Amino acid sequence: MNPNHYEILPGNYRLVREVDFVGMSRENVIGLLLTLILLVGPVLLALPSHPFTLLSSAKNAVFSLVYCLAAFLLMVASMRLQAKLHGFCIYRFCGCRIEYVSMGFYIVACSGRNYVRRGAWLLSTALPAVIWCGLLLAASLAVSENLFWIPFLMFLVSLSGWAGKIVGFAILLRYPADTYLQDNGGSLKIYTAAEG
């Protein structure tokens, strides 16, 4: 048995907090504001050195349409690959089955009904975010100026997609190392050992 997850919660643990990322909870509002900051902030920082002139200067409307369509399709593919990488990390570090949940524009990998140890969840969440966002940011810096915005926008969509997990990360760091949680994509249920 993997000590990083259980299908049945150990008897001495109790639910201490539920974090909702779907309703109008305080955590969800913070996550939505963080999403907006992670989308808009880097664009404002990048615009002075990478002006977005490709589409406005394109003499061919078909080229502009193909460029936008390719960018959209690559972003959708990027989100799916990011979810698969996250799912692999959950499987690898938490040792449980993965569930994929559609959260509006994003697809989220989660541990579902399994109870997973806090440290394993934190690692399985942070590692794919750093790897995937790092690869997309490196790609945006490596391509020609005409192509900069495609991987950069993919980077921004990926980065903003982690906003809810970042909020969950910050909350979980306040709990003891032996904490367990359930992550169903739209909420986190946090369980700690009962005293005595």
Side-chain angles (χ1 to χ4, degrees), residues 21-22 27-94 98-111 120-170 172-173 183 185-186:
F21 293 113
V22 178
E27 294 84 2
N28 192 33
V29 170
I30 292 169
L32 292 172
L33 289 172
L34 184 57
T35 298
L36 185 64
I37 291 167
L38 293 173
L39 280 171
V40 176
V43 169
L44 296 177
L45 292 173
L47 273 173
S49 55
H50 300 281
F52 195 70
T53 59
L54 179 68
L55 297 181
S56 62
S57 65
K59 297 182 176 26
N60 187 339
V62 173
F63 173 78
S64 297
L65 184 63
V66 169
Y67 185 91
C68 290
L69 183 62
F72 175 76
L73 291 175
L74 284 170
M75 278 189 252
V76 170
S78 173
M79 288 187 301
R80 292 197 178 272
L81 289 170
Q82 168 184 291
K84 292 295 184 182
L85 177 61
H86 187 201
F88 171 77
C89 288
I90 291 171
Y91 174 76
R92 174 71 180 92
F93 298 111
C94 297
I98 305 110
E99 294 182 21
Y100 293 96
V101 179
S102 177
M103 300 293 293
F105 195 57
Y106 295 100
I107 294 169
V108 178
C110 59
S111 57
W121 185 89
L122 292 172
L123 181 61
S124 69
T125 300
L127 191 61
V130 170
I131 290 171
W132 196 251
C133 291
L135 287 172
L136 291 173
L137 184 59
S140 69
L141 299 173
V143 298
S144 68
E145 185 63 31
N146 285 347
L147 296 175
F148 169 81
W149 283 99
I150 291 178
F152 192 69
L153 290 174
M154 290 167 63
F155 161 72
L156 294 180
V157 168
S158 287
L159 183 64
S160 66
W162 292 102
K165 299 291 187 185
I166 292 169
V167 172
F169 207 95
L172 280 168
L173 286 175
D183 176 8

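In this text the structure is predicted, and so the values were computed from the model without any measurement.
The distance from the CG atom of Leu147 to the OG atom of Ser140 is 11.5 Å, given to the nearest 0.5 Å. Taking CZ of Phe169 as the start and CH2 of Trp121 as the end, the distance is 7.5 Å to the nearest 0.5 Å. Distance check: His86 NE2 to Ile107 CD1 gives 13.5 Å after rounding to the nearest 0.5 Å. The CG atom of Leu159 sits 8.0 Å away from atom CG of Leu34, with the distance rounded to the nearest 0.5 Å. For the atom pair OG (Ser111) and CD (Glu99), the distance works out to 8.0 Å, reported to the nearest 0.5 Å.
In this view, Leu74 and Ile150, Met154 satisfy the side chain to side chain contact (heavy atoms under 4.5 Å, CB included) rule, not counting sequence neighbours.
For the pair Lys165 and Phe21, the cation-pi test (distance below 6.0 Å, angle within 45°) is failed.
Annotation for Tyr100: atom OH counts as buried by contact number, over 12 foreign heavy atoms lying within 6.0 Å.
Scanning all heavy atoms of the two residues, the minimum distance from Ala109 to Ile98 falls at CB-CG2, 4.1 Å. The shortest non-hydrogen separation linking Cys110 to Asp183 is CB-O, 3.1 Å.
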Using distance only, find each side-chain donor-acceptor pair of residues 130-137 under 3.5 Å and give its atom names and separation, not counting sequence neighbours.
residue : atom : partner : partner atom : Å
Trp132  : NE1  : Ser78   : OG           : 3.0

Output a table of donor-acceptor pairs, distance under 3.5 Å, between side-chain atoms of residues 36-47 and any protein atom two or more places apart or on a different chain; print 'none' if there are none.
none

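Of the possible donor and acceptor atoms, none in the side chain of Ser158 sits under 3.5 Å from a partner among the backbone N and O of Phe155.
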